[in-house]
Amino acid sequence: MNFELTEERQMLQDMLRRYLRENYGAEARNKIIESQAGFSAEIWAGLAELGVLGALFTEDQGGFGGAGFDIAIVFEELGRAGVVEPVAETCVLGGQILAAAGRADLVEQVIAGGLHLALAHGEPSSRYDLAQVATTAAAKGDGATLNGRKAVVSNAEAAGHLIVSAREADGLSLFLVPRDAGGVSLQGYPQIGGGRAAEITLDDVDVPKDARLGAPGGALALLEPAVAAGTVAICAETLGAMETALRLTTDYLGTRKQFGRPIGTFQALQHRLADMLIELEQARSIVILAAGHLEAEPALRDRHVSAAKHLIGRVGRMIAEESIQMHGGIAMTQEYELAHIAKRIVMADHRLGDTDHHLERFIALGA
Amino acid sequence: MDLSYTPEEEAFRADVRDFLSEKLPKALSDKVRDGRALTKDEHEEWHAILNARGWLAGNWPEEHGGTGWNAVQRHIFEEECALAHAPRIVPFGLTMLGPVLQKFGNDAQKAYWLPRILNGDDWWCQGYSEPGAGSDLASVKTRAVRDGDHYIVNGQKTWTTLGQHANMIFCLVRTDPDAKAQEGISFLLVDMESPGVEVRPIVLLDGSAEVNEVWFTDVRVPAENLVGEENKGWTYAKYLLTHERTNIAGVGFSTAALAAVKRIARAEMAGGRPLIENALFAARLARVEIDLMAMATTNLRVISQAAKGQAPGVESSMLKVKGTIIRQEINDLARRAAGPYALPFASEAVDGGNDPIGPAYARPVAAQYFNNRKLSIYGGSNEVQRQIIAKTALGALK
């Protein structure tokens with residue numbers, strides 16, 4: 001048993017933390033969030049250059065990390081700084097699927113920072129269920145024609161390729177579709193927790209034979225491990241954001257004066273702060289557990305991943321709400337740095353399954 | 001990062017498991033599993049079995065007859081014992097007094113008292129709490145006045161767990177009433193058979209008789225029973241409390257209790273289906289199971305630090321709060337799972353009655369629920385722990 005980071009991971013963590021401290025302060029971040037693209041190409045290039053993107057892939061995939069703990073430490077730091085760049089979308093969700101499907105050339109571009117991806121899987125009525133897909137893929141010659149709608153596709157506008165799920169004769173399959181392919185239309189919008197997404201309409205989109213990722217009917221075999229890794233990433237990111245929320249709140253309790261003394265001297269607030277700190281350690285532990293089981297057999301992996309996402313959703317809400325409440329009015333402003341952090345934490349519950357969804361899944365996997 | 005145990009630790013776990021399956025009497029484990037109170041003889045029987053194996057004093061160094069285990073080994077042992085429904089080791093001599101004597105006692109005290117603890121010659125109890133001193137321990141009022149080579153002790157202790165079985169009590173007594181609260185306290189060993197000692201049982205709300213009041217009226221205690229220096233008792237008391245806080249998370253107890261809830265929920269029917277399939281109940285159960293998974297990992301993080309020689313600080317307080325909340329939540333689930341058959345009064349059904357009412361699993365659940373409200377009160381109430389956590393995070397504010 002050992003809960004210490006390896007030297008390499010410690011270095012990666014230190015380096016990333018320093019880079020973000022210097023380049024991703026609250027002011028810079030607010031500018032990025034309000035920008036047209038919704039993220040910074042400069043930061044993206046910086047992350048690629050530092051090797052942060054490569055740390056999310058295994059050596060076999062062309063990277064130099066890729067284990068659960070690599071994902072966890074990278075995303076904890078991204079979360080700590082409130083980073084909105086689409087690392088989870090491009091490198092974990094999209095990147096893992098392409099790597100598993102043997103698209104090494106594209107993975108290489110991703111690691112170099114030259115290609116963005118978006119997973120176009122969810123639909124207006126699928127909610128968090130991976131198997132609910134109405135989009136169709138009809139055979140056409142060697143290839144297929146795609147028709148359907150995809151909902152809240154994060155990073156779609158920036159993506160060079162979309163990974164589209166569609167139902168065909170053999171079952172649910174994945175297809176790699178250029179974002180500018182004929183028949184693909186996007187309706188883009190900003191998201192409340194940062195970053196942009198789009199509603200996508202696929203109207204007779206013709207794709208060639210080699211657009212299919214994996215085997216016909218093999219979508220879930222590719223999706224499930226990638227979504228598990230993406231869920232660990234979001235959990236770790238939220239943990240990092242919660243650490244920032246607690247740091248801001250603790251500082252504020254020590255400096256904000258009311259009735260002639262720091263509000264941190266009031267026991268009503270002290271005990272609530274203590275509960276937040278206890279739950280933060282719970283959150284840290286569950287992220288460690290999930291990251292440590294990411295390479296386990298699927299049922300065991302998913303049980304731990306769902307436990308983590310459930311707990312992070314529950315604890316995240318508590319810490320975000322309590323941080324806002326204990327700050328008072330200042331936390332209601334868009335400008336104050338807690339605002340974005342709190343939104344990031346709460347809205348993480350809407351990415352890849354919320355606290356109830358994962359509780360239900362945890363129960364189903366335990367039987 | 002490596003979440004698995006080493007091969008040596010796994011081998012140790014296997015040894016403990018083998019030992020428990022071979023040596024733990026079924027009559028004892030049945031009683032523990034069913035939540036029935038153990039007699040003094042039964043406690044002593046289990047201690048003797050452990051002592052014969054050399055495993056009674058898990059937190060003592062080998063030079064005093066202990067195991068010399070590190071924090072990970074102790075954790076494995078405690079976890080396996082809890083899962084096997086072994087009786088809890090009575091902590092007063094072994095976990096609490098032993099380490100204090102080893103650190104602060106003189107050679108004669110160590111040579112005399114420590115072997116007697118291992119051999120079960122003495123049953124110790126703890127004379128800390130008083131009617132006016134709960135979590136605010138430094139406000140003890142029991143007086144000890146030096147009279148030649150004796151102290152004369154007057155006062156009252158309370159919440160003395162299993163004091164009815166004890167022949168010895170270690171006490172915090174006030175030897176200097178004029179000093180500041182923490183500075184006039186001494187640590188004294190008192191023979192319960194001395195004239196002037198009186199033990200009165202306190203019946204708890206679950207009907208159990210596990211705690212007592214102990215009254216001292218002009219009790220003469222030999223001065224050689226003073227541990228360490230006069231008026232330095234607060235230092236020893238605090239040291240003892242750090243040992244009281246080992247295994248504070250109670251992961252093993254909670255794991256065993258959670259398994260028990262699942263057994264009940266599989267047997268109980270709700271709407272024609274096993275209760276465990278009921279969506280509301282399953283959600284509540286899963287929530288606490290996930291909390292326990294996380295806390296078990298937090299506990300291992302602290303243990304792995306401790307095994308490297310780093311003393312746990314505020315983490316002990318965090319584990320105390322979260323660990324007791326989880327245990328109490330599991331107790332609540334067990335009570336609710338049992339349904340109407342939780343209603344018959346447990347002290348009759350559990351410990352006496354020839355003709356118990358309802359399913360066996362339902363008998364102890366309400367009593368355990370009420371009894372374990374104590375978890376968040378004793379050992380420094382959860383509010384005191386929250387105060388420690390907040391003060392550590394905020395520092396001194398003016």
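Residue numbers start from 1 in every chain, and the chains themselves are labelled A, B, ... in the order their sequence lines are given, proteins ahead of strands. Just so we're clear, the structure is a prediction, and the values are computed from it rather than from any experiment.
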Participant: Below 4.5 Å, heavy-atom pairs only: which of B/Leu285, B/Leu300, B/Ile276, B/Thr392 has the largest tally toward chain A?
Facilitator: B/Leu300
Participant: Could you tell me the separation between the CD atom of A/Gln270 and the CD atom of B/Glu383, rounded to the nearest 0.5 Å?
Facilitator: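 If we round to the nearest 0.5 Å, A/Gln270:CD and B/Glu383:CD are 13.0 Å apart.
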Participant: Apply side chain to side chain contact (heavy atoms under 4.5 Å, CB included) to the pair A/His304 and B/Ile290, showing each step before the final yes or no.
Facilitator: CA-CA 9 Å; A/His304 283 87; B/Ile290 290 169; over 6 Å; no
Participant: Please look at A/Arg314 and chain B and tell me whether the side chain, the backbone, both or neither of the residue comes under 4.5 angstrom of a heavy atom of that chain.
Facilitator: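 For A/Arg314, the contact with chain B is made by the side chain alone.
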Participant: Nearest 0.5 Å, please: how far is CZ in B/Arg284 from CG in A/Leu359?
Facilitator: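 Atom-to-atom, A/Leu359:CG and B/Arg284:CZ are 12.0 Å apart.
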Participant: What option among B/Ala286, B/Gly395, B/Ala390 has the most heavy-atom pairs under 4.5 Å with chain A?
Facilitator: B/Ala286
Participant: Short question: side chain of A/Gln282, backbone of B/Met295 - any donor-acceptor pair under 3.5 Å?
Facilitator: yes
Participant: More than 12 non-hydrogen atoms from neighbouring residues, nucleotides or ligands closer than 6.0 Å to CZ on A/Arg317, yes or no?
Facilitator: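 Not more than 12 within 6.0 Å, no.
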Participant: Check this for me: A/Glu297, atom CD, are more than 12 non-hydrogen atoms of other residues, nucleotides or ligands nearer than 6.0 Å?
Facilitator: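 Result for CD/A/Glu297: enclosed.
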Participant: Taking atom CE of A/Met15 as the centre, report whether more than 12 heavy atoms of other residues, nucleotides or ligands fall under 6.0 Å from it.
Facilitator: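 Counting neighbours around CE of A/Met15, more than 12 heavy atoms of other residues, nucleotides or ligands fall under 6.0 Å, so yes.
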Participant: If you count heavy atoms of other groups shown closer than 6.0 angstrom to CD of B/Glu277, is the number above 12?
Facilitator: yes
Participant: For B/Gln305, is it the side chain, the backbone, both, or neither that has a heavy atom closer than 4.5 Å to a heavy atom of chain A?
Facilitator: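 B/Gln305 touches chain A through side-chain heavy atoms alone.
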Participant: Can you tell me how far apart CD (B/Gln385) and CD1 (A/Ile278) are? Round to the nearest 0.5 Å.
Facilitator: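 Nearest 0.5 Å value for the CD-CD1 distance: 9.0 Å.
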Participant: After noting the C-alpha distance and the side-chain angles of B/Arg386 and A/Arg272, does the key distance pass the side chain to side chain contact (heavy atoms under 4.5 Å, CB included) rule?
Facilitator: CA-CA 8 Å; B/Arg386 286 186 177 97; A/Arg272 284 158 62 185; over 6 Å; no
Participant: For a 4.5 angstrom cut-off between non-hydrogen side-chain atoms, does B/Leu3 reach A/Met1?
Facilitator: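 A side-chain contact is absent here, since even the closest heavy-atom pair is not under 4.5 Å.
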Participant: Apply salt bridge (Lys or Arg N to Asp or Glu O under 4.0 Å) to the pair B/Lys322 and A/Glu279, showing each step before the final yes or no.
Facilitator: CA-CA 8 Å; B/Lys322 196 68 202 180; A/Glu279 293 304 324; 2.5 Å; yes
Participant: Can you confirm whether more than 12 heavy atoms, excluding those of B/Trp55, are under 6.0 Å from its CH2 atom?
Facilitator: yes
Participant: Does any heavy atom of chain A fall under 4.5 Å from the side chain of B/Val314, the backbone, both, or neither of them?
Facilitator: neither
Participant: Tell me, out of B/Thr6, B/Val321, B/Asp291, B/Val72, who's got the most heavy-atom pairs with chain A below 4.5 Å.
Facilitator: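 Counting heavy-atom pairs under 4.5 Å, the top option is B/Asp291.
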Participant: In Å and rounded to the nearest 0.5 Å, what is the NZ to OG1 distance from B/Lys391 to A/Thr265?
Facilitator: 9.5 Å
Participant: What is the distance from atom CD1 of B/Ile389 to atom NE2 of A/His271, rounded to the nearest 0.5 Å?
Facilitator: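 Between atom CD1 of B/Ile389 and atom NE2 of A/His271 there are 9.0 Å.
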Participant: Minimum heavy-atom separation for A/Leu311 to B/Ala294, with atom names?
Facilitator: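 That would be CD1-CB, 4.2 Å.
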Participant: Return the minimal non-hydrogen interatomic distance between A/Leu289 and B/Met293, and the atom names on each side.
Facilitator: CD1-O, 3.6 Å
Participant: At what distance, to the nearest 0.5 angstrom, does CD of A/Glu4 lie from CG of B/Asp2?
Facilitator: 12.0 Å
Participant: So do the side chains of B/Met1 and A/Asn2 get within less than 4.5 Å of each other, counting heavy atoms only?
Facilitator: no
Participant: If you measure only the distance, is there a donor-acceptor pair under 3.5 Å linking the side chains of B/Gln387 and A/Gln267?
Facilitator: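 Present: a donor and an acceptor within the cut-off.
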Participant: Given salt bridge (Lys or Arg N to Asp or Glu O under 4.0 Å), test A/Arg303 with B/Glu289 step by step and report yes or no.
Facilitator: CA-CA 12 Å; A/Arg303 189 167 155 83; B/Glu289 184 166 1; 2.9 Å; yes
Participant: For each of B/Leu319, B/Leu397, B/Asn382, B/Ile303, tally heavy-atom pairs with chain A at distances under 4.5 Å, and name the one with the top tally.
Facilitator: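 Of the options given, most contacts go to B/Leu397.
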Participant: Do A/Ser285 and B/Thr298 meet the criterion of a side-chain donor-acceptor pair at a distance under 3.5 Å?
Facilitator: yes
Participant: Please state whether the side chain, the backbone, both or neither of A/Leu273 comes within less than 4.5 Å of a heavy atom of chain B.
Facilitator: side chain
Participant: Would you call A/His310 and B/Arg287 a side-chain contact if the rule is heavy atoms closer than 4.5 Å?
Facilitator: yes
Participant: May I ask you to name which of A/Thr6, A/Asp275, A/Leu269, A/Leu246 has the most heavy-atom pairs under 4.5 Å with chain B?
Facilitator: A/Asp275
